[in-house]
Amino acid sequence: MMKQDEIEITLIIPVYDEEENIVDLFVEIDKKIEHPHKALVIYDHDGDTTLKNKDDLVNKYPNIRFVKNKFGSGVINAFKTGFQMADTEYIVPIMADLSDMPETVNKMYDKIKEGYDLVVASRYVAGGAKVGGPVIKYILSRIANLSLHYLTGIPTHDMTNAFIMYRKHVIDGIEITSTGGFEITMEIMAKSYLQGYNITEVPTINRDRKAGKSQFKLLAWILKYLYWHFYLLRKTAMKSLMGYYKSNDK
């Protein structure tokens with residue numbers, strides 16, 4: 001059994017009725033993540049079907065802990081619960097629907113050990129891909145991410161992917177104000193970039209969910225995504241203007 005002080009990575013896994021996927025997810029994690037890790041499975045309510053597998057999974061994988069959402073319900077509060085409870089140097093949210101590939105964690109770990117603060121698993125670089133899912137979601141994501149990369153200079157092509165390895169002190173130093181869902185990823189990355197943290201990316205393949213129903217609410221969340229999109233554009237433009245005026249004052 002791993003000693004607690006050997007574990008550097010906490011996986012944060014938000015779930016909502018993932019009974020059909022959660023066992024397969026941990027089979028993949030156990031086989032493919034090479035580094036000592038623990039997992040926090042965050043659920044909203046006691047009737048969540050994911051919990052049907054709780055005892056079997058905990059008995060088989062002692063590094064798993066099931067935790068009830070401390071801040072109410074929804075994916076954003078699941079993230080906040082996991083971020084607060086994680087006690088390791090590195091934190092990685094990973095989706096329970098088998099869309100994220102656990103082996104990418106090994107590449108992210110190698111990169112963060114080079115001194116980076118955030119390592120993004122990117123679908124939109126060489127070696128990465130998005131497989132399946134709604135075409136409109138892919139198109140909107142692609143446009144948003146390309147525009148942010150080229151207009152702001154942020155060193156990732158994929159600001160809308162939640163599959164990221166963070167140093168814990170980065171998360172602890174950011175006040176999260178998002179209230180919707182997965183736009184929390186854009187908020188954290190935008191604020192990290194503006195605060196000067198080192199960001200890089202590695203390729204990943206993102207798959208459509210294997211079973212169950214997606215909780216991703218594109219129409220409900222699109223305005224929240226746009227808020228952080230224009231937040232970063234505005235802040236980087238202001239920063240560039242201030243730099244310009246300072247250089248011309250000399």
Side-chain angles (χ1 to χ4, degrees), residues 5-14 29 32-40 79-80 82-95 99-130 141-142 144-176 178 182-206 225 228-229 231-233 235-236 239-240 243:
D5 59 3
E6 295 177 344
I7 300 175
E8 295 182 276
I9 302 169
T10 298
L11 305 175
I12 296 175
I13 307 173
I29 286 172
K32 295 178 179 178
I33 296 183
E34 299 169 356
H35 306 287
H37 59 273
K38 61 176 71 173
L40 298 175
F79 273 67
K80 289 165 71 173
F83 289 152
Q84 185 184 92
M85 297 192 68
D87 59 1
T88 54
E89 176 72 15
Y90 311 120
I91 302 171
V92 185
I94 185 169
M95 297 302 102
S99 58
D100 294 324
M101 303 191 75
E103 57 264 42
T104 304
V105 172
N106 302 321
K107 293 186 287 186
M108 290 194 284
Y109 179 84
D110 290 343
K111 272 293 178 186
I112 210 162
K113 281 296 188 180
E114 293 177 12
Y116 291 98
D117 299 301
L118 285 78
V119 182
V120 182
S122 177
R123 301 162 290 184
Y124 305 132
V125 291
K130 176 75 179 82
S141 172
R142 200 79 174 93
N145 282 298
L146 280 174
S147 63
L148 285 172
H149 174 71
Y150 289 111
L151 293 175
T152 71
I154 192 166
T156 176
H157 296 78
D158 199 350
M159 272 191 74
T160 55
N161 194 3
F163 195 19
I164 302 166
M165 182 174 284
Y166 304 95
R167 289 186 185 271
K168 180 169 171 55
H169 73 85
V170 175
I171 293 293
D172 289 345
I174 290 175
E175 181 184 1
I176 296 171
S178 295
F182 284 102
E183 85 276 4
I184 186 176
T185 295
M186 292 185 73
E187 177 185 3
I188 294 170
M189 270 200 275
K191 291 181 175 179
S192 297
Y193 178 57
L194 293 167
Q195 290 178 28
Y197 287 112
N198 293 321
I199 302 171
T200 191
E201 59 189 357
V202 296
T204 195
I205 296 174
N206 182 271
Y225 276 96
W228 292 108
H229 184 278
Y231 172 92
L232 185 56
L233 288 174
K235 291 287 188 178
T236 51
K239 192 174 181 180
S240 295

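Since we're looking at a predicted model, the values are computed, not measured.
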Test item: [X] side-chain N/O and [Y] main-chain N/O as donor-acceptor pair under 3.5 Å:
X	Y	value
Lys168	Ala86	yes
Glu201	His157	yes
Asn161	Ser122	no

Ile174/Gln195 under side chain to side chain contact (heavy atoms under 4.5 Å, CB included): CA gap, chis, key distance, verdict: CA-CA 10 Å; Ile174 290 175; Gln195 290 178 28; 4.1 Å; yes
With side chains defined as the heavy atoms from C-beta onward, is the minimum distance between [X] and [Y] less than 4.5 Å?
X	Y	result
Pro14	Met95	yes
Met108	Thr204	no
Ile188	Phe83	yes
Ile176	Phe79	no
Tyr231	Lys191	yes
His37	Tyr109	no
Thr88	Glu8	no

Closest approach of [X] to [Y] (non-hydrogen atoms, all atoms of both residues):
X	Y	answer
Val170	Ser192	CG1-OG, 3.5 Å
Gly128	Pro203	N-CB, 3.6 Å
Ile13	Ala39	CD1-CB, 4.2 Å

Full working for side chain to side chain contact (heavy atoms under 4.5 Å, CB included) between Val105 and His35: CA-CA 9 Å; Val105 172; His35 306 287; 5.6 Å; no
If you round to the nearest 0.5 Å, how far is [atom2] of [Y] from [atom1] of [X]?
X	Y	atom1	atom2	value
Ile171	Asp117	CD1	CG	11.0 Å
Asp172	Ile91	CG	CD1	6.5 Å
Ile184	Trp228	CD1	CH2	10.0 Å
Thr200	Met165	OG1	CE	13.0 Å
Lys80	Ile12	NZ	CD1	13.0 Å
Asp158	Leu146	CG	CG	10.0 Å

By side chain to side chain contact (heavy atoms under 4.5 Å, CB included), which residues pair with [X], not counting sequence neighbours?
X	answer
Leu232	Leu148, Thr152, Ile154, Met159, Ala190, Tyr193, Leu194, Thr236
Glu34	Asn106
Lys130	Arg123, Tyr138, Asn206

Partner set under ring pair (Phe, Tyr, Trp, His ring centres under 6.0 Å) for Phe163, not counting sequence neighbours: none
Side-chain donor-acceptor contact under 3.5 Å, His229 with Ser147: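 Note: His229 and Ser147 side chains meet the donor-acceptor criterion.
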Residue pair Thr160 / Asn145, side-chain donor-acceptor N/O under 3.5 Å: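 On atom types as modelled, these side chains qualify, holding a pair under 3.5 Å.
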Salt bridge (Lys or Arg N to Asp or Glu O under 4.0 Å) partners for Lys107, two or more places apart: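 Checked Lys107 against salt bridge (Lys or Arg N to Asp or Glu O under 4.0 Å); zero matches.
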Set of residues satisfying salt bridge (Lys or Arg N to Asp or Glu O under 4.0 Å) with respect to Glu175, sequence neighbours excluded: none
Test side chain to side chain contact (heavy atoms under 4.5 Å, CB included) applied to Leu11 and Ile9, step by step: CA-CA 6 Å; Leu11 305 175; Ile9 302 169; 4.0 Å; yes
